[in-house]
4 protein chains.
Amino acid sequence: MGSPSPSARVSAQRHRAAPPPATRFDRRLAEILTHATDVFCKKGYEGASMRDLSRASGMSLAGLYYYFESKERLLFLIQKHTFTTIVHRLKARLEGVGDPEQRVRIFILNHLEYFLANQSAMKVLSHEAEALKNGFASELAAIKREYYRICVSLLDELKGDRKLEFPTRIAVLSLFGMMNWIYTWHNSRVDADAEHLAREMGDIFLCGVMSGGKSRR
Amino acid sequence: MGSPSPSARVSAQRHRAAPPPATRFDRRLAEILTHATDVFCKKGYEGASMRDLSRASGMSLAGLYYYFESKERLLFLIQKHTFTTIVHRLKARLEGVGDPEQRVRIFILNHLEYFLANQSAMKVLSHEAEALKNGFASELAAIKREYYRICVSLLDELKGDRKLEFPTRIAVLSLFGMMNWIYTWHNSRVDADAEHLAREMGDIFLCGVMSGGKSRR
Amino acid sequence: MGSPSPSARVSAQRHRAAPPPATRFDRRLAEILTHATDVFCKKGYEGASMRDLSRASGMSLAGLYYYFESKERLLFLIQKHTFTTIVHRLKARLEGVGDPEQRVRIFILNHLEYFLANQSAMKVLSHEAEALKNGFASELAAIKREYYRICVSLLDELKGDRKLEFPTRIAVLSLFGMMNWIYTWHNSRVDADAEHLAREMGDIFLCGVMSGGKSRR
Amino acid sequence: MGSPSPSARVSAQRHRAAPPPATRFDRRLAEILTHATDVFCKKGYEGASMRDLSRASGMSLAGLYYYFESKERLLFLIQKHTFTTIVHRLKARLEGVGDPEQRVRIFILNHLEYFLANQSAMKVLSHEAEALKNGFASELAAIKREYYRICVSLLDELKGDRKLEFPTRIAVLSLFGMMNWIYTWHNSRVDADAEHLAREMGDIFLCGVMSGGKSRR
DNA sequence: AATGAATGAGGGTTCATTCAT
DNA sequence: CATGAATGAACCCTCATTCAT
């Protein structure tokens, strides 16, 4: 009860994919976005040229500009869509779940599942966090903050529920670190799938965080 | 007592900095390396131009090439020096310490201390891991592997000592994630110093990992 | 009569120039090629900068690269076109001519006529023979070899016809030397036109070569 | 007798090499000149960098400038020395020879012998004729003119002696073409030595030129 | 809806040369 | 006598972007 239950399962139910965009324009745009994501993932935002994107998407250089007004906006759209989606899914999954530990586990699973299912996009999101400037940067920062706040509140719930005392900020950021670092090492031929990883990272993180209430200080 | 002792202290003794390089050439080189590190940190490797480095180091563009044969080699030297130093210091600190938990805590402290004391260099090391190619990449990969192996062996010692069962690979990589992610959030005006961070991350990680032997599966 | 007839005439009929290339792109490309030829002629391949070519052709530096992927390929195209054309014309002129001496005279006239009508291109062809590397070099070498072989076979025909004994290789290469050296001295205000030159060089070369069967050794 | 005697022999007597330069400076300079000649031969004047010369001669970049005030002067010295030497040797060999045909054959032999014995230098002389500017160019042009005039006068003697009528200018320049072109094709493993080549080119050229008096026009 | 053609700015790198030592 | 250190100018080439069509 008071003790962590690291093996608590969170089912990795498949969410239905977002419906295909309505207009021809949006469909074509999404297509290009996908190719661009791969290129940014492979070469980095600065390292990728519009010519690379043109080649990858099979569209002329000038044609790209019909869909995106700039390379920076292209990155922005990728990051925004990725982030928005992950937040959106998280909210849906959290609905109706009351147990604080379970809720944190859902957070972790949601993150890792999306991460592994959309590795390129998530790497671009994680790795190119600083590439955007001014307006783009701040709009994205807002989403990021929301996501961060959700995690904070989940941990605060947990703390309240179990009378724990760990430092929330560091815990949250450590958790993000554990999870986001994945893009540097995950090898789908060697490493476990999202569900396993989520359980294992969840175990480490939750046990770590929850033992704090008892033995520390 | 078998139970983790998260508050175990590891003194953060200052190591004397490496002696200044002997030759004038090496000294000038190191100077440029320092400026370049800052620029790479701020703009990224791809985003930084040799002209930026020239400006930052107060040396003519052509002058830089007297010291470095290419931009890539410049990055290589930065990363190699940083990595070599951190490994070197770690080995010195581990010497004579027998307790497995203590040894892991030393690893964490050493990493974070160096990270915060050399934020730019460590960000360049972490963030630009993929920028190097071929020969440069493989030479650096060798050092990286050594560092990784040390961490693995520390955790294996801990596992053996306490009869634990957590998955080492994921534990190690989670730990690296927690620590390396710092560069994305650490704010010296807000966040604690290396010693505190090391204790807190150590607590989370060690408790997480060490509770595994008892309650899981 | 067995004796050389040095004054044998070869009419220098004008061939209609190749029709202008079909596409806008090709026309623009040819235009640039012409300017580049002049610049390479004046400054040499190494000595000419892309900026020089840009200036000469009235197109921006970057614009040039829309037509040519590299300076080397630019030179290649010039040389290939020049060589291909000269070979092509030669074959057309040789058709239907049976007399061996006449055929050699046609070879010389064809070479000199094209040389003087396209001095820049021919100088670039002669003088920058070593500037191309690898793939470019070998493709051009193939054309060169074909041209060389044609000349060899013409001289061999002559030898067979007149029972001569001169060393073909040296004769051919001497002839090429005589002709190609023109770019170092020909001054259109002082020197004769192609037809005269061809007759005179033809006289020297053919008499030299044909007297061999009788008086030597 | 009135007929050409193409096989007339010209002994290829070895001239003693010029005495070693007196001063240490001059000796070192000559050494560097030799290395530079090879580099210019291999890469061309424009294509060769001072760094290439430095590497080839084993002397520091700055050190070279103690001996030569500029790259251009370096080329000048090479060309001047080469040309001066060949003219000097020619004059010595012509001394005391009266027969016009023999004198022309000496000219050819002298040129080819020096050419093959000093291929690099002669290629640099032939190929980089236009690289020099202004003062350097004109000083070299003077030597060149002298050499050219000698050849003209030799042919005029021959014409007078045998009542020939060929056009001297074209004959001379054709002869130079035949000889100088050698650098583009001579392969010491395949092609004959200077004496043979001189006889064969002499045969072609002299027969060609001498038959002119009888059958032409 | 999409492209071919074009560009100014800037990329990394090398150049011939200098000068204090 | 010779060099290490340094530089401004220039190198070839690619960049993100535009615009008439």
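Reminder, nothing fancy here: chain letters follow the sequence lines and each chain counts from 1. Please read all numbers here as calculations on a predicted model, not as lab measurements.
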Requested in this report: May I ask you to say what A:Tyr67 touches in the nucleic acid, namely base, sugar-phosphate or nothing, with a heavy-atom cut-off under 4.0 Å?
Outcome: sugar-phosphate
Query raised in the report: Would you say a side-chain N or O of A:Tyr66 is under 4.0 Å from OP1 or OP2 of E:dA1?
Result: yes
Report summary line: Rounded to whole Å, the CG-C1' distance (B:Leu29 to F:dA5) equals 13 Å
Report all interatomic pairs (protein N or O, nucleotide N or O of nucleotides 19-21 of chain F) with separations under 3.5 Å.
none

**Report entry** Selection: residues 36-58 of chain A, any non-hydrogen atom under 4.0 Å of DNA chain F
**Finding:** A:Ala48, A:Ser49, A:Met50, A:Arg51
Query raised in the report: Considering residues at least two apart in sequence or located in another chain, which fulfil the side-chain hydrogen bond (donor to acceptor under 3.5 Å, both in side chains) criterion with C:Tyr183?
Result: C:His127
Report task. Would you classify D:Phe25 as touching base, sugar-phosphate or nothing, given that sugar-phosphate means primed atoms plus P, OP1 and OP2, and contacts are heavy atoms under 4.0 Å? Result -> nothing
**Report entry** Nucleotide of F:dG4, F:dT17, F:dC13 approaching A:Lys71 most closely (side-chain heavy atoms)
**Finding:** F:dT17
Report summary line: Sorted by chain and number, sequence neighbours left out, side chain to side chain contact (heavy atoms under 4.5 Å, CB included) with D:Ser54 holds for D:Leu61, D:Leu64
Query raised in the report: Separation of C:Leu74 atom CG from F:dC13 atom C1', in whole Å?
Result: 13 Å
Report summary line: Those residues at least two apart in sequence (or on a different chain) that pass side-chain hydrogen bond (donor to acceptor under 3.5 Å, both in side chains) with D:Asn118 are none
Query raised in the report: Does the side chain of B:Arg28 get closer than 4.0 angstrom to OP1 or OP2 of F:dG4 through an N or O atom?
Result: no
**Report entry** Whether D:Lys43 side chain and D:Ser49 backbone form a donor-acceptor pair below 3.5 Å
**Finding:** no
Query raised in the report: Pick from A:Thr84, A:Thr85, A:Ile78, A:Ile86: which one makes a side chain to side chain contact (heavy atoms under 4.5 Å, CB included) with A:Thr82?
Result: A:Ile78
Query raised in the report: Between A:Tyr65 and F:dT17, is there a side-chain N or O to OP1/OP2 distance below 4.0 Å?
Result: yes
Query raised in the report: Tell me: CE of C:Met59 to P of E:dG8, nearest whole Å?
Result: 11 Å
Query raised in the report: In terms of heavy-atom contacts, does NE2 of A:His81 have more than 12 from other residues, nucleotides or ligands at under 6.0 Å?
Result: no
Requested in this report: List in chain and number order the residues that pass side-chain hydrogen bond (donor to acceptor under 3.5 Å, both in side chains) with A:Ser70, two or more places apart in sequence or in another chain; answer none if no residue qualifies.
Outcome: none
Query - A:Ser120: side chain to side chain contact (heavy atoms under 4.5 Å, CB included) partners, not counting sequence neighbours - result: A:Thr37, A:Asp38, A:Cys41
Query raised in the report: Between residues 129-139 of chain A and DNA chain F, which residues have a heavy-atom gap below 4.0 Å?
Result: none
Query - Residues which pass ring-ring contact (aromatic ring centres under 6.0 Å, His included) with C:Phe83, listed by chain and number, not counting sequence neighbours - result: C:Tyr147
Requested in this report: With sequence neighbours left out, write down each residue that passes side chain to side chain contact (heavy atoms under 4.5 Å, CB included) with B:Thr184, or none if nothing qualifies.
Outcome: B:Trp181
Query raised in the report: So, does A:Glu128 use its side chain to make a donor-acceptor pair with the main chain of A:Lys123 at under 3.5 Å?
Result: no
Check: residues 136-144 of chain B side-chain donor-acceptor pairs under 3.5 Å, at least two apart:
unit_1   : atom_1 : unit_2   : atom_2 : d
B:Ser138 : OG     : B:Asn134 : O      : 3.3
B:Ser138 : OG     : B:Gly135 : O      : 3.0
B:Glu139 : OE2    : B:Lys80  : NZ     : 2.9

Report summary line: Per nearest nucleotide of DNA chain E, the residue lying toward the 5' end, B:Glu72 or A:Leu64, is A:Leu64
Report task. Could you provide the dot-bracket string of DNA chain E, using ( ) for intrastrand pairs, [ ] for crossing pairs and | for bases paired to another strand, with Watson-Crick or G-U pairs below 3.5 Å? Result -> .||||||||||||||||||||
Requested in this report: For the pair B:Tyr45 (side chain) and B:Glu72 (backbone), establish whether a donor and an acceptor sit closer than 3.5 Å, ignoring hydrogens and angles.
Outcome: yes
Query raised in the report: Any sub-3.5 Å donor-acceptor pair from B:Gln79's side-chain atoms to B:Val124's backbone N or O?
Result: yes
Report summary line: Separation of F:dG4 atom P from D:Leu61 atom CG, nearest Å, is 10 Å
Query raised in the report: To the nearest Å, how far apart are D:Glu31 CD and F:dC1 P?
Result: 14 Å
